[in-house]
Peer 1: 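Mind having a look at this structure? Questions to follow.
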2 protein chains.
Amino acid sequence: MSLRNALLAMLTSQPMTGYDVYKNFQTSVGYVWHAPDSQIYPELRRMEQDGLIRGETVPWGKRGTKKRYSITEAGVESFRAWLNAPPEYQRERDPVRLRAAYLEWASPTASADFFRAHIAYHSARVEDWEDMIRTLRDHSNPTLAKRLEGKSEEEAERITAYKVFAYEGMIARAQTEIEWAEKGLELVERLERRG
Amino acid sequence: MSLRNALLAMLTSQPMTGYDVYKNFQTSVGYVWHAPDSQIYPELRRMEQDGLIRGETVPWGKRGTKKRYSITEAGVESFRAWLNAPPEYQRERDPVRLRAAYLEWASPTASADFFRAHIAYHSARVEDWEDMIRTLRDHSNPTLAKRLEGKSEEEAERITAYKVFAYEGMIARAQTEIEWAEKGLELVERLERRG
DNA sequence: ATCGCCATGTAATACGTTACATGATTGC
DNA sequence: GCAATCATGTAACGTATTACATGGCGAT
């Protein structure tokens with residue numbers, strides 16, 4: 001049900017078409033939650049049926065039309081309820097640690113490559129999220145700008161602070177992964193020296 | 001395909017029944033990878049069809065029987081191939097960070113409870129994994145003991161080291177989550193003082 | 001006999017990915 | 001005119017969760 005809440009979260013900022021949502025899931029919000037178009041369009045239709053959002057057909061160019069969704073009062077309530085409910089944790093399912101636990105079956109070079117790939121992946125994510133934080137702090141982020149329209153200075157600060165804090169959490173997680181993988185490289189070096 | 005590799009990983013230690021696998025997914029290996037029985041039994045049958053494992057029907061009590069699966073040479077090869085292939089990363093999908101980014105919509109108490117629940121959850125996991133590391137290090141872990149049978153001192157040390165290292169990674173991740181959530185509590189305190 | 005564990009499944013539903021498909025609009 | 005972008009979907013498949021269901025074994 002988190003896809004639904006990710007969509008509601010986005011629509012609390014401003015009305016959007018399915019395509020707008022899709023674009024956001026590829027960049028900004030997509031750094032926290034990603035979904036493909038094939039999942040977005042059907043879910044938006046279901047949410048409209050459930051009364052969480054309202055779609056209006058607006059003209060697009062000469063003949064074309066598009067559907068713009070706005071969050072309803074029921075949608076806001078549903079989103080709030082999710083945020084106020086205790087979190088649910090799913091069971092562990094960690095392919096990276098699963099692999100690491102059985103590296104005695106891999107070749108030394110493959111093991112080292114694995115940790116290097118892990119470092120590269122998370123380093124790239126750190127850069128993405130740091131960029132994201134920059135656009136949040138200097139308010140160059142258009143979605144945030146829209147969200148802050150008509151808000152007091154204090155409110156704006158509060159809203160921004162939670163978003164920055166979320167991305168800081170992502171960065172902290174990624175940095176822990178990088179440190180772990182660096183230790184992994186040392187471990188491989190130590191264990192596979194004579195191979 | 002990671003469920004399949006988690007099953008292969010387990011069966012590299014010793015032949016097991018579906019139920020043995022299920023039990024392991026609730027405890028030891030389950031701390032890294034969990035799966036319910038409804039997923040395990042069908043997958044084992046598919047793997048047997050694909051020639052990765054071989055099932056033999058063995059008696060159980062007077063009339064009962066059970067099916068014990070052993071990994072085949074093809075299974076070992078498939079497992080090795082997975083370990084030697086570069087890792088694949090799926091897109092981000094982080095419900096915790098999604099929530100955190102929108103806490104301006106939650107009540108101050110719900111926000112604080114959220115972070116406290118996060119700390120409690122990860123603290124419990126840290127304890128699980130620390131216990132697990134203890135049983136790995138002192139070789140009281142029966143699955144590991146079976147795995148190390150007939151191995152040289154050096155080999156045994158190598159095999160154990162990777163498993164310990166995997167769990168250390170889980171612990172590091174959890175501790176980062178705890179630190180982040182503690183900062184979250186401070187943030188809520190600071191932002192929601194006047195509410 | 002009854003309870004907890006061992007053993008094995010089916011069914012329904014949800015969630016997620018990949019591939020396939022189409023057509024209009026805007027900008028060069 | 002052509003390419004990139006905007007816009008919206010379907011289909012097939014794979015993965016995961018929850019609920020429902022059954023029956024033998026071993027110990028008290």
Peer 1: Residues of residues 10-28 of chain B with any non-hydrogen atom less than 4.0 angstrom from an atom of DNA chain D: list those, numerically ordered, please.
Peer 2: none
Peer 1: Could you tell me whether Lys67(A) and Glu56(A) make a salt bridge, using a distance below 4.0 angstrom between a side-chain N and a carboxylate O?
Peer 2: no
Peer 1: Where does the chain B footprint on DNA chain C start and end, counting 5' to 3' with a 4.0 Å heavy-atom cut-off?
Peer 2: dC5(C) to dT17(C)
Peer 1: Please determine, by modelled atom types, if Ser2(A) and Arg93(B) share a side-chain donor-acceptor pair under 3.5 angstrom.
Peer 2: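 Not at all, the side chains of Ser2(A) and Arg93(B) share no donor-acceptor pair under 3.5 Å.
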Peer 1: Under 4.0 Å between a side-chain nitrogen and a carboxylate oxygen: does that hold for Lys163(B) and Glu104(A)?
Peer 2: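 Glu104(A) and Lys163(B): salt-bridged.
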Peer 1: Check whether NZ of the Lys or CZ of the Arg Arg125(A) lies under 6.0 Å from the centre of the six-membered ring of Tyr121(A) and within 45 degrees of that ring's axis.
Peer 2: yes
Peer 1: Would you call Glu168(A) and Arg137(A) a salt bridge, taking side-chain N to carboxylate O under 4.0 Å as the test?
Peer 2: yes
Peer 1: Does Arg173(A) make a cation-pi contact with Trp180(B), if we ask for NZ or CZ under 6.0 Å from the ring centre and within 45° of the axis?
Peer 2: no
Peer 1: Would you call Arg97(B)-Glu177(B) a salt bridge at under 4.0 Å N-O?
Peer 2: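 Result for this pair is yes, salt bridge flagged.
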Peer 1: When you match Ser2(A) and Lys62(A) each to their closest nucleotide on DNA chain C, which lands nearer the 5' end?
Peer 2: Ser2(A)
Peer 1: Is Arg45(B) salt-bridged to Glu48(B), going by a charged N under 4.0 Å from an acidic O?
Peer 2: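 Answer for the salt bridge query: no.
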Peer 1: Could you state the CG-C1' distance from Asp94(A) to dA16(D), rounded to the nearest angstrom?
Peer 2: 17 Å
Peer 1: Using whole Å, what does the distance between atom C1' of nucleotide dC6(D) and atom CZ of Arg68(A) come to?
Peer 2: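 In whole Å, dC6(D) C1' and Arg68(A) CZ are 14 Å from each other.
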Peer 1: For Trp60(B) and dG23(D), what is the distance between atoms CH2 and P respectively, to the nearest whole Å?
Peer 2: 14 Å
Peer 1: If the plane angle is over 60° it's perpendicular, under 30° parallel, otherwise tilted; pick one for His118(B) and His122(B).
Peer 2: perpendicular
Peer 1: Pro42(B) or Ser38(A): which one's nearest nucleotide on DNA chain C is closer to the 5' end?
Peer 2: Pro42(B)
Peer 1: Under a 4.0 Å N-O cut-off, is there an ion pair linking Glu179(A) with Lys183(A)?
Peer 2: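 Judged by the 4.0 Å cut-off on N to carboxylate O distance, Glu179(A) and Lys183(A) do not form a salt bridge.
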Peer 1: Please classify the nucleic acid contact of Arg45(B) as base, sugar-phosphate, or nothing, using heavy-atom distances under 4.0 Å.
Peer 2: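 Here Arg45(B) touches the backbone only, sparing every base.
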Peer 1: Using a cut-off of strictly less than 4.0 Å between a heavy atom of the residue and any atom of DNA chain D, enumerate the qualifying residues of residues 29-37 of chain B by number.
Peer 2: Pro36(B)
Peer 1: Measure the distance from CZ on Arg63(B) to C1' on dT22(D) and round it to the nearest whole Å.
Peer 2: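 In whole Å, dT22(D) C1' and Arg63(B) CZ are 15 Å from each other.
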Peer 1: From CD of Glu43(B) over to P of dG14(D), roughly how many Å is that when rounded to an integer?
Peer 2: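 My rounded result for the distance is 11 Å.
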Peer 1: Tyr41(B) has an atom OH; how far is it from atom P of dA16(D), in whole Å?
Peer 2: 18 Å
Peer 1: Could you tell me how far apart Met47(B) (CE) and dG14(D) (C1') are, to the nearest whole angstrom?
Peer 2: 16 Å
Peer 1: Determine, for Lys23(A) against Asp20(A), whether the closest basic-nitrogen to carboxylate-oxygen distance falls under 4.0 angstrom.
Peer 2: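 The answer is no: the pair does not qualify as a salt bridge.
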Peer 1: Whole angstroms only, please: what is the CD-C1' distance between Gln39(A) and dA7(D)?
Peer 2: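 The answer, rounded to whole Å, is 18 Å.
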